[in-house]
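Report on one structure; see the data block that follows.
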Amino acid sequence: MTDESTIMPTDFIREAVAEDLKSGRFNYVRTRLPPEPNGYLHIGHVKAFMIDYLIAKENNGELILRFDDTNPVKEDVEYVDAIMEDARWLGIQWVKVTYASDYFGLLYEWAVKLVKLGKAYVDDQSPEEVSANRGTFTEPGKESPYRNRPVEENLDLLERMKNGEFPDGSRVLRAKIDMAHPNLNMRDPVMYRIIHEPPHHRTGSKWKIYPMYDWAHGQNDSMEGVTHSLCSLEYRDHRPLYEWFPEQLGVFKPRQIEFARLNLNYTVMSKRKLRRLVEEKRVSGWDDPRMPTLRAMRRRGYPAEAIVEFVRRMGISTVATSNSGVIADVAFLEECVRDDLNKRSLRRMAVIKPLKVVIDNYPENQIEEMDAVNNPEDPNAGTRKVPFSKVLYIEQDDFRETPPPKYYRLFPGNEVRLRYAYFIKCASVVKNDKGEIAEVHCTYDPATRGGDAPDGRKVKSTIHWVSAAHARPAEFRLYDHLFTKEDPEEGEDDFLNCLNPNSLQIAHGYVEPLLASTEAGDRFQFERQGYFCADPDSVPGRPVFNLTVSLKDTWAKIEKKR
RNA sequence: UGGGGAUUGGUGCAACGGCAGCACGCUACGCUCUGGACGUAGAAAUCGGGGUUCGAAUCCCUGAUCCCCAGCCA
């Protein structure tokens, strides 16, 4: 069997969509992305975005980007641009951008229709009364005393609500369903509430009533001819309502399908918590590279393709472990990032924590140009020249005065290879007043130029280096998880209690000369260390590099086990 | 407590009545001018209890556990 079903990626949503097409329930596919413009996009949003985008695309359908701007007190234009920017960065394409507010007029007409049908009424109860009369999980609610007022009166009151004749909170329009329904969403849900201030970011002060999510969202789907309304698990309980409205109205009925949202360990995802991190200055902003927002990941150097691939590899299900979704291991995300970057990153040498090395038998003032491979995974990336001289910097971690077992790097008497250059052997160590190692003296073997010994002898280790005379200073920002616990909320009265004090470490070191003219956003692999991305804070002559993700480090693992 | 959803190695997903598989992680080993990449091998799971069936992760019954819902938020 080699038909489409075996080669197409399959999951329960794609299967459902295919079925709907086959059965004739729909003869086209249209999905919608319904972000509320009240915050920046984070990695959790990417899953929903990709599902909506790809399922439309795979079926020759359309994706509509519709901002769910039904609550002026929470929303702002600032976010609509940011959301579009992030979505575009992911490669998502839509046929048009709409706003829930585009449909306020039609939606109001539909509400009037529902009132005329006797399916909606104006309730004069206070918010407290509405809440008190909703009942509980185990007890039915009480019907509002205003529930059965005449259609004409409802029409009049609704009209006057719309015209701003009543203060906020004084009345609402409610669907007339069933106050004893076991699903609380069906206990006469509120359709419209009165909000005078602030003005709406698109409709200004025209409207004094604003639709609730359940009323607006589903009807907007219907109005736009959306076939599949794909959303997260917590909306499962809203589905009966989602279907009830168009049923009463006799309008087009889209199909809602729910899936598990995506959460990440060692971080938090809720807008409220992310906002606290920013406002309490625990991070430098929404784009602090430690944040799970897309702008932060972009700044840190995560390629959009890697994020998309991560989400794809995670799959789709209806499993809910936490917060209506599944918790992905950040190590998996990081592996997707490495996998992507490994194939396309130019290699460079950078010394993050420098240690001076003097090659005693190397001629003073001599400079050689060594050929270095730009990317062993990509022959087309070519080579470059790297200057070599008598005094170098190597990584502090690459030298030990007394080596632990299995340590192959530089130590007194041991020979290692300087990448793309010579074999060197450690002869002696010079210490400062405090007894710290100030410099290491070595001898080199001129016959090993280029990295191989003619006599065939081997070294167990190759280390990176930068020529001191040619080195350019650089700042390195090394990141770790923002929180010390996989689930920062678990067992804490405040999630900030388990902030990782070492989530950002700043180091000052050196890079090879080529890197002096780096531009923000440029990505490299610093050999043996990790992938780095030039930060916008870089200034000419002093680049700043963000650690995107480190290389896997077998030695660190061996050492840690002790 | 009422309603809704779920439960497969440590994690995330497959297997849709017929040999429990894939990826990440983990453990060895090999290869290597990156202790990276790559390659080989390995450990590791069907929530429990009943039943139906030649045969059950899959169907039925039952129990447990986890997630979501009582906004005029979305």
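Residue numbers start from 1 in every chain, and the chains themselves are labelled A, B, ... in the order their sequence lines are given, proteins ahead of strands. Just the heavy atoms: all of them, side chains too, but no hydrogens, waters or symmetry mates, feed the values below. Quick caveat: nothing in here was measured; it's all calculated off a predicted structure.
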- [ ] Rounded to whole angstrom, note down the C1' distance from B:rG63 over to B:rA6.
- [x] 16 Å
Open item on the list: Can you measure A:Phe532 atom CZ to B:rU34 atom C1' for me and round it to whole angstrom units?
Closed with: 14 Å
Task: Partner nucleotide, any strand, of B:rC38 [Watson-Crick/G-U, under 3.5 Å] - done: B:rG30
- [ ] Using a heavy-atom cut-off of under 4.0 Å over every strand shown, decide if A:Asp452 touches base, sugar-phosphate, or nothing.
- [x] base
Open item on the list: Let's go through A:Leu418 and A:Tyr444 carefully: what are the C-alpha distance in whole Å and the side-chain angles of both, what is the deciding distance for side chain to side chain contact (heavy atoms under 4.5 Å, CB included) to 0.1 Å, and is it a yes or a no?
Closed with: CA-CA 10 Å; A:Leu418 290 175; A:Tyr444 85 117; over 6 Å; no
Task: P gap between B:rC22 and B:rA44, integer Å - done: 15 Å
Open item on the list: Does a side-chain N or O of A:Thr321 approach OP1 or OP2 of B:rG12 to a distance below 4.0 Å, or not?
Closed with: yes
Open item on the list: Suppose we call a contact any N or O donor and acceptor under 3.5 Å apart; does that hold for the side chain of A:Glu334 and the base of B:rC24?
Closed with: no
- [ ] Using the P atoms only, state how far B:rG9 lies from B:rA57, rounded to an integer number of Å.
- [x] 14 Å
TODO: Give a yes/no on whether any side-chain N or O of A:Arg134 is located under 4.0 angstrom from OP1 or OP2 of B:rG71.
DONE: yes
Task: Short side-chain N/O contact from A:Arg193 to OP1 or OP2 of B:rC73, under 4.0 Å - done: yes
Open item on the list: Considering every strand and a 4.0 Å limit on heavy-atom distances, what is the contact class for A:Glu395: base, sugar-phosphate, or nothing?
Closed with: nothing
Task: Positive for side chain to side chain donor-acceptor pair (under 3.5 Å) with A:Tyr40, one of A:His45, A:Lys271, A:Glu78 - done: A:Glu78
TODO: Could you work out the separation of B:rC59 and B:rG21 based on their C1' atoms and round it to a whole Å?
DONE: 23 Å
- [ ] Determine the interatomic distance between C1' on B:rU40 and the same-named atom on B:rG55; round to the nearest Å.
- [x] 35 Å
Open item on the list: Checking understanding here: a glycosidic angle within 90° of 0 is syn, the rest anti, so what is B:rG71?
Closed with: syn
Task: Straight-line distance of A:Thr448 OG1 to A:Glu415 CD, nearest 0.5 Å - done: 7.0 Å
Open item on the list: Say we look at B:rG39 and B:rU46: how far apart would their C1' atoms be, to the nearest angstrom?
Closed with: 31 Å
- [ ] Report the base-pairing partner of B:rG71 (Watson-Crick or G-U wobble, both distances below 3.5 angstrom), or none.
- [x] none
Open item on the list: Classify A:Val172 by what it touches in the nucleic acid, base, sugar-phosphate, or nothing, heavy-atom distance under 4.0 Å.
Closed with: base
Task: A:Arg187 and A:Asp178 ion-paired at < 4.0 Å - done: no
Open item on the list: Does A:Asp329 contact B:rG12 through a side-chain donor or acceptor facing the base, at a distance under 3.5 Å?
Closed with: no
Task: salt_bridge(A:Arg32, A:Asp52) N-O dist < 4.0 Å - done: yes
TODO: With rounding to the nearest 0.5 Å, note down the distance linking CZ in A:Arg528 to CG in A:Leu551.
DONE: 10.0 Å
Open item on the list: Please tell me if A:Arg236 has a side-chain N or O lying less than 4.0 Å from either OP1 or OP2 of B:rG5.
Closed with: yes
TODO: Tell me whether the OP1 or OP2 atom of B:rC73 has a side-chain N or O from A:Lys271 closer than 4.0 Å.
DONE: no
Open item on the list: Each nucleotide in nucleotides 36-48 of chain B should get exactly one letter: B, S or -. Can you fill that in based on protein heavy atoms under 4.0 Å?
Closed with: BS-----------
- [ ] For the residue pair A:His238 and A:Tyr213, categorise the inter-ring angle as parallel (less than 30°), tilted (30 to 60°) or perpendicular (more than 60°).
- [x] perpendicular
Task: From OG1 (A:Thr554) to CD (A:Glu559), nearest 0.5 Å - done: 12.5 Å
- [ ] Would you indicate what A:Ser126 reaches in the nucleic acid, counting non-hydrogen atoms under 4.0 angstrom: base, sugar-phosphate, or nothing?
- [x] base
TODO: Identify whether any heavy atom of A:Leu418 sits under 4.0 Å from a base atom; if not, whether one sits that close to sugar-phosphate; answer base, sugar-phosphate or nothing.
DONE: nothing
- [ ] Tell me whether A:Phe332 is stacked on the nucleobase of B:rU11, counting only the six-membered base ring and applying the 5.5 Å and 30° thresholds.
- [x] no
Task: Pair partner, B:rA6 [Watson-Crick or wobble, under 3.5 Å] - done: B:rU65
TODO: Would you mind telling me which of B:rA23, B:rA74, B:rG12 lies closest to the side-chain atoms of A:Asp68?
DONE: B:rA74
TODO: Return the nearest nucleotide to the side chain of A:Asn71; candidates are B:rA74, B:rA70, B:rG4.
DONE: B:rA74
Task: Proximity to the side chain of A:Glu36 - top-ranked nucleotide from B:rC73, B:rA23, B:rG3 - done: B:rC73
Open item on the list: Need the pair for B:rG17. Rule: Watson-Crick or G-U wobble, both distances under 3.5 Å, any strand; none if unpaired.
Closed with: none
Open item on the list: Output the rounded distance in Å from NZ (A:Lys74) to C1' (B:rC72).
Closed with: 11 Å
TODO: Quick one: label A:Tyr420 by what it contacts on the DNA or RNA (base, sugar-phosphate, nothing), any heavy atom closer than 4.0 Å.
DONE: base
Open item on the list: For the residue pair A:Arg202 and A:Tyr99, would you count it as a cation-pi contact if the rule is NZ or CZ under 6.0 angstrom from the ring centre and within 45 degrees of the ring axis?
Closed with: yes
Task: Side chain of A:Val326 - closest among B:rG2, B:rC13, B:rC24 - done: B:rC13
Open item on the list: If you compare every side-chain N and O of A:Thr70 against the phosphate oxygens of B:rA74 (OP1, OP2), does one of them come in below 4.0 Å?
Closed with: yes
Open item on the list: Can you tell me the base-pairing partner of B:rG25? Count Watson-Crick or G-U wobble geometry only, both distances below 3.5 Å, and say none if there is no partner.
Closed with: none
Open item on the list: Using a heavy-atom cut-off of 4.0 Å across all strands, would you classify A:Ile195 as base, sugar-phosphate, or nothing?
Closed with: nothing
- [ ] Give A:Thr136 one of three labels, base, sugar-phosphate or nothing, depending on what nucleic acid heavy atoms sit under 4.0 Å from its own.
- [x] base
Open item on the list: Classify A:Tyr235 by what it touches in the nucleic acid, base, sugar-phosphate, or nothing, heavy-atom distance under 4.0 Å.
Closed with: base
Task: A:Asp11 side chain near A:Phe259 side chain, heavy-atom distance below 4.5 Å - done: no
Open item on the list: Heavy atoms only, 4.0 Å cut-off, all strands: where does A:Lys406 land among base, sugar-phosphate and nothing?
Closed with: base
Task: Touch class at under 4.0 angstrom, heavy-atom based, for A:Lys458 against every strand present - done: nothing
Task: Whole angstrom value for the distance that separates P of B:rC72 from CG of A:Asn133 - done: 12 Å
- [ ] Would you tell me if any nitrogen or oxygen in the side chain of A:Ser317 comes within less than 4.0 Å of OP1 or OP2 on B:rC13?
- [x] yes
Task: A:Lys425 atom NZ, neighbour heavy-atom count above 12 within 6.0 Å - done: no
Task: ring centroid sep under 5.5 Å plus plane angle under 30, A:Tyr213 with B:rA74 - done: no
TODO: Report yes if at least one side-chain N or O of A:Ser131 is closer than 4.0 Å to OP1 or OP2 of B:rG71; otherwise report no.
DONE: yes
Open item on the list: Quick check on RNA chain B: between A:Glu128 and A:Lys47, whose nearest nucleotide comes earlier from the 5' end?
Closed with: A:Lys47
Open item on the list: Against the six-membered ring of A:Phe166, is A:Arg171 placed for a cation-pi contact (under 6.0 Å from the centre, within 45° of the normal)?
Closed with: yes
Open item on the list: Counting the atoms with a prime plus P, OP1 and OP2 as sugar-phosphate, which does A:Glu15 contact under 4.0 Å by heavy atoms, base, sugar-phosphate, or nothing?
Closed with: base
TODO: Mind checking A:Tyr422 for me? I need base, sugar-phosphate or nothing, with any heavy atom below 4.0 Å counting as a touch.
DONE: nothing
Open item on the list: Applying a 4.0 Å non-hydrogen cut-off, can you work out what A:His464 is touching in the nucleic acid: base, sugar-phosphate, or nothing?
Closed with: nothing
- [ ] Write down the distance separating the C1' atoms in B:rC47 and B:rU7, rounded off to the nearest Å.
- [x] 7 Å
